[in-house]
Amino acid sequence: MSINSLKASTDRGRAGDKIFSGVSLAAGVLILAVLFSVAVFLMVQAAPILSADPAEVTGGEGFAAYILPIVIGTVVAAAIALIIATPVGIAVALFISHYAPRRLARAFGYVIDLLAAIPSVIYGAWGYIILAPQLAKGYAWLAENLGWIPLFAGPASQTGKTMFTAGVVLAVMVIPIITSLSREIFLQTPNLHEEAALAMGATRWEMVRMAVLPFARPGIISATMLGLGRALGETMAVALVLSPGALGASLIRTGNQTIAAEIALNFPEAFGLRLNELIAAGLVLFVITLIVNMIARFIITRHKEFSGAN
Amino acid sequence: MSKRIDVKDLNVYYSKFLAVEDVNINIEARSVTAFIGPSGCGKSTFLRTLNRMHEVIPGARVEGEVLLDGDNLYDSAVDPVTVRGQIGMVFQRPNPFPTMSIRDNVLAGVKLNNKRISKSDADDLVEKSLQGANLWNEVKDRLGRPGSGLSGGQQQRLCIARAIAVSPQVILMDEPCSALDPISTLAIEDLINELKADYTVVIVTHNMQQAARVSDKTAFFNIAGTGKPGKLIEYDDTTTIFNKPTVKATEDYVSGRFG
Amino acid sequence: MSKRIDVKDLNVYYSKFLAVEDVNINIEARSVTAFIGPSGCGKSTFLRTLNRMHEVIPGARVEGEVLLDGDNLYDSAVDPVTVRGQIGMVFQRPNPFPTMSIRDNVLAGVKLNNKRISKSDADDLVEKSLQGANLWNEVKDRLGRPGSGLSGGQQQRLCIARAIAVSPQVILMDEPCSALDPISTLAIEDLINELKADYTVVIVTHNMQQAARVSDKTAFFNIAGTGKPGKLIEYDDTTTIFNKPTVKATEDYVSGRFG
Amino acid sequence: TGDTPAAEGAASSAAGVAVSGTLTGIGASSQNSAMEAWKAGFESMNQDAMVQYSPDGSGAGRKAFLSGGAQFAGSDAYLKDDEMTQAMEVCGPDGALNIPAYISPIAIAFNLGDVTELNLDAPTIAKIFTKAITTWNDPAIADQNEGVELPDTPITVVHRSDESGTTENFVDYLSAAAPEVWTYEVDGAWPADLQSENAKGTSGVVQTVTSTDGAITYADASAVGDLGKAKVKVGEEYTEISSDAAAKAVEVATPVEGRPELDMSLELERDTTESGAYPVVLVSYHVYCTTYDSQETVDLVKAFGSYVISEDGQAEAEASAGNAPLSATLSEKAQMAIDSIKVAS
Amino acid sequence: MAANQTLQRRQSQLTRGRLPSYAIWVVVAASLILGAAISSLVGFSVVGWAIITAIVFVLAATIVTAVAEGERKAKDKLVTFLVYGAFLIALIPLVSVLWTVLERGVPGLSYNFLFTSMNGVTGAVDNQAVEGGTPVLGGAYHAVLGTLQITLWATLISVPIGLLTAVYLVEYGAGKNLTKAITFFVDVMTGIPSIVAGLFAAALFTLLFGPGTRTGFVAAVALSVLMIPVVVRSTEEMLKIVPNELREAAYALGVRKWRTITKVVIPTAISGIASGVTLSIARVIGETAPILVTAGFASSINWNVFSGWMSTLPTFIYYQILTPTSPTSPDPSTQRAWAAALLLILMVMLLNLVARFVAQIFAPKTSR
Ligand SMILES: Nc1ncnc2c1ncn2[C@@H]1O[C@H](COP(=O)(O)OP(=O)(O)OP(=O)(O)O)[C@@H](O)[C@H]1O
Ligand SMILES: Nc1ncnc2c1ncn2[C@@H]1O[C@H](COP(=O)(O)OP(=O)(O)OP(=O)(O)O)[C@@H](O)[C@H]1O
Ligand SMILES: [Mg+2]
Ligand SMILES: [Mg+2]
Ligand SMILES: O=P([O-])([O-])[O-]
């Protein structure tokens with residue numbers, strides 16, 4: 001039997017591949033390890049709350065009663081943020097990739113990226129110094145004219161530091177995340193497909209809908225999920241902007257709270273069981289993120305066959 | 001339905017590079033015109049100026065006039081979308097939408113103008129177009145699968161089906177049979193012959209026999225040398241071009257004696 | 001340098017879909033083999049199994065053996081990279097690297113493999129490869145420009161230049177002349193003839209005359225019907241295939257009588 | 001590039017021993033400004049020593065201290081009994097020492113146009129903060145302020161959104177001085193049932209009140225700026241907020257029972273009738289160990305602790321933070337406590 | 001004669017049914033007037049006028065187009081308006097924030113601010129500055145250094161790990177269970193509240209090095225936990241859209257997979273990757289909460305990330321705003337806070353430029 005020449009040279013040549021794939025694998029495993037330990041850390045720290053006497057938990061009615069309102073608050077704040085930021089973010093990305101005059105597009109992209117450059121403390125400070133008083137006027141109007149809708153039930157906050165304001169600030173913080181990733185993907189849409197659409201007599205929007213958006217769909221979902229992560233986990237801006245309180249349907253009244261802000265506001269003075277409680281709240285946030293992301297992944301993989309990379 | 005095209009003094013640029021110079025040509029309605037010429041001489045470039053696809057490329061621009069039944073496509077008041085709706089195109093490189101199924105690919109253009117097309121009309125149209133492009137038999141069982149999982153030639157025929165589904169008045173085809181076997185090639189040539197009855201057809205081809213078989217008129221493009229612009233050398237009835245061309249270069253090219 | 005290829009009982013799948021069934025073929029070293037057959041019959045698919053490019057597609061797999069000078073490519077100990085280093089390929093759809101200049105595209109095989117090469121050697125290699133692909137004259141003044149700013153035919157020739165620049169022992173070409181004018185086509189055919197002296201060449205073509213002109217042996221693939229796998233119908237000396245094929249289907253196909 | 005020099009001081013500490021090393025404290029943010037002053041003053045006298053203080057919050061400070069993560073804690077409340085027990089683990093059998101270091105009156109501050117002074121008794125204050133009184137011209141307020149023109153502006157209560165020592169001290173005052181009205185638990189968090197406008201941190205509530213007409217809050221006196229301040233009824237008089245009045249309230253406080261002899265945890269008498277005392281006051285402590293592992297640390301802690309409670313130290317703090325200095329008697333007692341700190345045997 | 005000629009010139013078929021170019025201005029004018037009318041009904045304000053005018057204009061222009069040019073054109077116009085509108089809307093907060101920061105921050109930017117720390121700056125010093133009208137002392141030099149060091153370390157940790165993980169997910173791990181696990185955890189990680197990341201890092205280092213281990217490096221680790229998911233997910237998306245035919249082209253040349261990835265795949269996606277990395281840096285460089293619990297709070301300069309406390313610009317800003325150095329006269333602190341904010345924004349802008357520059361060098365040459 002002849003020596004297989006195809007095998008002969010392999011070992012040395014393969015080293016690079018082995019190392020690179022090994023290192024990549026190691027990176028992935030490392031992340032897994034870190035995250036796993038974050039999860040363990042959270043669970044260990046949160047555990048005492050489960051066995052705690054309900055009366056000792058803040059609110060005196062057990063952990064579930066304590067966490068539920070702020071879970072809802074968190075979800076509401078994130079929802080407001082995404083409802084505003086997703087269409088705006090995608091539209092801005094489209095503006096930069098397909099609508100703005102080509103020569104200016106790059107500069108515009110840079111300008112929008114600046115939104116990401118602003119630290120969250122500053123968003124917080126801006127939110128309560130500038131934005132909240134402006135919105136407060138609108139809230140008064142809403143309470144007066146649309147007060148019958150529970151979302152706008154009065155009395156409107158006088159300072160404007162409400163759930164809606166917090167949602168708006170979060171939206172502003174999320175927009176650059178959605179925009180930046182979506183824009184890059186829009187720009188990568190194969191010319192061939194854009195041309196195919198245009199050649200059929202598609203208007204610009206039809207071309208976008210036919211070629212760009214389907215191509216970018218998984219990317220847009222990922223971008224939105226990253227934005228959602230930010231909206232759910234943002235701590236300082238919400239802590240500064242929101243005037244928290246009990247859960248309520250009205251978005252323009254003082255009240256509601258988010259998990260991240262609850263942790264940030266109370267952590268400094270937290271002690272003993274209260275600390276476990278706050279960390280358990282963090283764990284709950286984990287779970288929320290997880291559920292939303294799993295849904296998103298599910299949507300992405302369902303359409304995998306029709307991915308644009310082929 | 002069909003329209004004539006008259007090109008006057010057309011210069012086509014990629015940024016500063018003049019790719020095609022000074023083209024004057026009159027293409028009759030209800031005829032098939034073939035563009036031939038060596039690779040890189042500007043056939044695709046020129047073809048793309050006929051439905052304003054050229055300007056999609058950054059920096060690309062055009063000087064001169066292209067008249068569709070007397071109306072200048074490049075008039076500032078003209079919306080390229082209107083132009084492209086009337087002048088369909090099949091690209092040199094097949095480009096089905098990977099995110100759409102085969103069926104949706106065929107219907108893509110139709111749905112633009114006719115959202116509420118009934119399911120049965122759509123089915124008919126899909127079948128008719130795919131039959132026309134000689135692809136129906138091969139894909140009829142997998143209309144719901146992505147268009148990207150097709151062989152090269154199948155993709156090319158899919159793009160042809162997509163273009164004819166919208167029944168444009170003029171159809172531009174850039175090497176429509178380049179990836180096709182003789183059977184499919186003949187089918188497409190038949191299709192072109194059929195289309196001619198109602199539409200104006202312009203094709204780019206490297207296949208002299210094909211040009212001779214399907215076209216009424218033939219335009220020969222050539223390029224003098226690297227960096228020089230491509231030019232329309234001769235334009236005449238196909239029989240004339242292939243049998244007694246007036247320009248030496250044309251004769252050399254069609255007879256296979258080059259350079 | 002050149003190597004022979006023996007294929008034994010090869011089945012090729014896309015996930016569950018059996019695309020090509022039961023191929024047995026022996027390709028001699030230092031010869032040119034042509035694959036012909038109707039569109040969608042599995043020529044490209046089969047060609048891609050010869051240098052293990054098929055498995056790059058998710059879900060795609062192969063059963064059977066492909067022996068390169070007796071060594072099975074699909075042996076589990078074989079590194080596909082080694083295989084591809086020895087068996088070069090030109091794809092049906094030209095795919096120059098958009099991130100690279102024309103020059104870098106030609107040198108891609110060398111540079112991406114991190115082989116050190118002096119500037120003058122590199123220049124020589126670029127010129128030689130581009131000359132071979134008959135592209136040198138057209139691009140010599142713009143070697144630094146991106147490879148994507150070329151015409152369809154130019155891109156195709158660039159990909160040929162890129163493939164021959166690494167001097168593989170076997171070269172697989174999928175419709176290398178599909179977008180080329182007769183001049184370039186002849187040049188590429190000359191190239192193939194030259195290559196034959198040292199290498200083994202396999203081409204897919206829809207052009208019977210081309211197959212007849214350049215190949216020593218011809219394999220005819222066919223497909224029985226939709227959803228059926230493609231099969232190798234007949235494989236023989238080119239002259240035999242074109243003049244007195246043994247199978248009726250082959251005769252019909254090469255003589256232009258179909259169906 | 002260099003650090004801004006503070007006052008050049010003599011290169012020796014108050015105790016006369018040259019000390020060196022880094023002293024780490026974590027704790028109340030209320031003390032932060034004073035702490036900056038102490039740091040600067042102390043470091044300028046002891047070139048080789050450095051003090052770092054992270055104003056994470058009292059709870060975080062005590063937690064860090066008890067786990068050995070900080071050598072001293074700043075806390076708006078003295079260690080609770082179980083914390084005192086825990087402290088034995090890091091501090092040795094004698095546990096920790098609570099030493100008052102920072103006294104600050106809490107102003108009841110409001111934004112009411114030209115009105116910059118109001119007389120309020122504890123029940124009225126409690127009613128305002130429980131929202132039993134909702135407009136400024138409510139008779140309960142008007143009766144105590146004859147001659148003051150009160151608008152019918154609605155009252156906006158502003159409280160802290162974060163847990164805080166200020167809140168704890170303020171509600172402690174309310175529950176002691178107006179027990180019928182204020183029935184809520186004394187806690188660093190504002191009662192959940194009384195949610196109103198709120199903001200994070202002292203500067204947050206002050207900012208909110210400043211920009212909201214008719215708003216009222218409670219905040220560290222030094223930070224309230226131009227806002228109106230309530231005079232609080234103590235005994236039969238209305239006492240104006242001042243450092244002296246605050247110091248006086250602390251002076252009349254009684255030591256917490258059951259603590260070691262030298263510990264200085266104070267039980268403030270919020271319902272005092274002592275004339276001239278202002279009982280809405282926050283006392284912030286430094287919590288030290290009774291023993292440390294090394295002589296170097298002991299020297300450092302003693303030197304710093306002594307400086308903080310010294311007349312100089314208190315004066316520096318007052319100049320920076322606008323708080324009330326410790327009285328001489330308290331200072332003396334504190335010095336005794338600090339002197340007792342020694343190396344673990 | 002002239003009149004005759006105009007009569008003879010027939011209407012182009014291609015422009016038939018197209019609105020003349022002045023039509024848009026008519027709509028603009030009409031919307032302005034209508035907007036003024038409606039807003040004065042509700043209670044006139046310039047903002048209200050602008051908003052109502054914009055809405056009226058979008059509606060009117062869309063309807064006019066729909067009537068004259070058909071539904072498709074109208075939809076196209078509408079989307080165009082919305083896309084431009086979205087951009088303008090996104091500019092509003094940006095301009096507002098930037099204006100706020102500039103207005104309040106520029107007065108504080110001085111040589112002194114840039115090149116001194118807060119060491120020795122007490123409330124008394126600030127009081128003096130306010131009363132005596134002398135320049136505000138104290139600066140953010142220490143915080144700038146802290147920000148740079150901590151962010152640099154966080155980047156050094158997260159970018160390689162994030163990039164490699166994304167490479168693993170897209171290029172090596174397709175369909176494997178490990179991939180699913182990593183994806184799962186990375187997804188969850190995107191929603192970690194920043195303070196929890198800080199607490200985790202603090203707990204980790206307490207476990208490893210004893211209580212009270214607070215250094216810049218601990219903060220860098222905390223920030224990495226926040227950065228990594230952003231890097232992984234954005235890179236993953238960018239790698240996924242690299243056309244397979246480019247990978248095939250490289251493989252066919254006998255190029256090893258890792259070289260294909262580093263030389264072909266990543267350069268093709270570099271612009272998006274760079275954007276993602278900048279985004280992740282921008283995200284963490286402005287974090288406050290995790291730094292507070294991991295790096296302590298210093299008012300003097302520290303060059304060593306592995307020992308001693310550190311401040312960053314956000315924590316500096318945070319404390320300057322929330323616990324002003326002098327509570328009685330907080331203005332100097334506020335001024336320093338805004339100046340620091342401005343500085344931070346400038347730093348991120350610069351970083352952004354650098355990233356774009358880097359991306360430009362490798363980016364695909366897409367003249368076509
Ligand atoms: N990625 C894919 N996934 C699934 N099926 C595929 C894929 N690519 C090709 N096919 C199918 O496999 C069969 C053979 O395709 P192949 O590309 O090999 O044909 P071909 O002989 O090269 O045709 P052509 O001459 O048109 O290029 C066809 O039916 C095609 O639809
Ligand atoms: N995007 C582009 N930017 C710059 N130059 C280009 C671009 N596309 C094509 N060219 C150049 O313009 C010239 C004409 O190209 P064109 O594609 O029109 O050739 P063609 O006649 O269609 O050739 P083929 O038969 O090879 O398709 C060529 O020299 C080509 O290199
Ligand atoms: Mg072409
Ligand atoms: Mg093929
Ligand atoms: O000092 P505080 O706890 O009130 O912030």
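Every chain is numbered from 1 and lettered A, B, ... according to where its sequence line falls, protein lines coming before strand lines. In what follows, every heavy atom counts, from backbone to side chain, and hydrogens, waters and symmetry copies are set aside.
- Between A:Ser120 and E:Gly286, the shortest heavy-atom contact is OG-O, 3.4 Å.
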>> Quick one, E:Thr190 with A:Arg230, criterion side chain to side chain donor-acceptor pair (under 3.5 Å). Give me CA distance, side-chain angles, the key distance, then yes/no.
In response: CA-CA 7 Å; E:Thr190 56; A:Arg230 173 108 217 224; over 6 Å; no

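- For the atom pair CZ (A:Arg209) and NZ (E:Lys75), the distance works out to 6.0 Å, reported to the nearest 0.5 Å.
- Looking at E:Met238 and A:Ile185, their side chains come closer than 4.5 Å, going by heavy atoms from C-beta outward.
- Options E:Ile89, E:Val232, E:Ile228, E:Leu353 differ in how many heavy-atom pairs under 4.5 Å they form with chain A, and the most are formed by E:Leu353.
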>> Working note: E:Leu94 + A:Ile118, criterion side chain to side chain contact (heavy atoms under 4.5 Å, CB included); need CA distance, chi angles, decisive distance, verdict.
In response: CA-CA 9 Å; E:Leu94 179 67; A:Ile118 294 159; 4.1 Å; yes

>> Using the rule given for side chain to side chain contact (heavy atoms under 4.5 Å, CB included), can you reason through A:Phe41 versus E:Leu199, listing the C-alpha separation, both sets of side-chain angles and the distance that settles it, and then say yes or no?
In response: CA-CA 9 Å; A:Phe41 161 77; E:Leu199 294 178; 4.0 Å; yes

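- Atoms CD1 and CG, on A:Ile31 and E:Leu169 in that order, are 8.0 Å from each other to the nearest 0.5 Å.
- We find the OG1-CD1 distance between A:Thr189 and E:Ile241 to be 7.5 Å, quoted to the nearest 0.5 Å.
- Taking chain E as the reference chain and counting heavy-atom pairs below 4.5 Å, the highest number among A:Leu285, A:Val38, A:Leu232 is found for A:Val38.
- Relative ring orientation between E:Tyr84 and A:Tyr99 is described as perpendicular, the plane-to-plane angle rising above 60° on a 0-90° scale split at 30° and 60°.
- Annotation for E:Ile345 and A:Pro119: closest pair CG1-CD, 4.2 Å, computed over non-hydrogen atoms.
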>> Apply side chain to side chain contact (heavy atoms under 4.5 Å, CB included) to residues A:Ile129 and E:Thr100 and explain how you reach the verdict.
In response: CA-CA 10 Å; A:Ile129 296 174; E:Thr100 310; 5.7 Å; no

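- Heavy-atom distances place both the backbone and the side chain of E:Thr80 under 4.5 Å from chain A.
- A:Tyr110 places no side-chain N or O within 3.5 Å of a backbone atom of E:Asn352 that could act as its donor or acceptor partner.
- Taking CD from A:Glu184 and CD1 from E:Ile270, the interatomic distance works out to 10.5 Å, rounded to the nearest 0.5 Å.
- Taking 4.5 Å as the limit, every side-chain heavy atom of A:Leu290 sits out of range of all side-chain heavy atoms of E:Asp187.
- Atoms CD and CD1, on A:Glu234 and E:Ile195 in that order, are 11.5 Å from each other to the nearest 0.5 Å.
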> Does the side chain to side chain contact (heavy atoms under 4.5 Å, CB included) test come out yes or no for A:Phe267 and E:Val293, once each step is laid out?
Replying inline: CA-CA 10 Å; A:Phe267 173 75; E:Val293 295; 3.5 Å; yes

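- How far CD1 of A:Ile177 is from OG of E:Ser275: 12.5 Å, rounded to the nearest 0.5 Å.
- For E:Ser234 against A:Leu226, the heavy-atom pair with the smallest separation is N-CD1, 4.4 Å.
- Interface check for chain E: of the options A:Val88, A:Leu115, A:Leu131, A:Ile130, the most heavy-atom pairs under 4.5 Å are formed by A:Leu115.
- Most heavy-atom pairs under 4.5 Å with chain A: of the set E:Phe87, E:Phe185, E:Trp338, this distinction falls to E:Phe87.
- Contact of the A:Tyr123 side chain with the E:Pro93 side chain is not registered, since no non-hydrogen atoms from C-beta on lie closer than 4.5 Å.
- In this structure, the side chains of A:Leu42 and E:Phe200 stay at 4.5 Å or more apart for every pair of heavy atoms.
- Between the side chain of A:Asp17 and the main chain of E:Trp258, a donor-acceptor pair closer than 3.5 Å is present.
- Using a 4.5 Å heavy-atom threshold, the side chains of A:Phe20 and E:Ile261 count as touching.
- Here the shortest heavy-atom pairing between E:Thr165 and A:Gly28 reads OG1-N, 3.5 Å.
- Counting heavy-atom pairs closer than 4.5 Å to chain A, the top residue among E:Ile182, E:Thr262, E:Leu163, E:Val221 is E:Ile182.
- Here E:Val230 is the residue among E:Leu226, E:Val230, E:Leu82 with the most heavy-atom pairs under 4.5 Å with chain A.
- Contacts with chain A were tallied for E:Val348, E:Val97, E:Ile317; E:Val97 has the most, counting heavy-atom pairs under 4.5 Å.
- E:Asp76 places a side-chain N or O within donor-acceptor distance of the main-chain N or O of A:Trp205, the cut-off being under 3.5 Å.
- In terms of heavy-atom proximity, A:Val92 sits nearest to E:Ala90 at CG2-CB, 3.9 Å.
- Of all the heavy atoms in A:Ala27 and E:Ile161, the pair that sits closest is CB-O, 3.7 Å.
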> What do the steps show when you test A:Ser222 against E:Arg233 for side chain to side chain donor-acceptor pair (under 3.5 Å), and what is the final call?
Replying inline: CA-CA 7 Å; A:Ser222 269; E:Arg233 245 190 137 156; 3.2 Å; yes

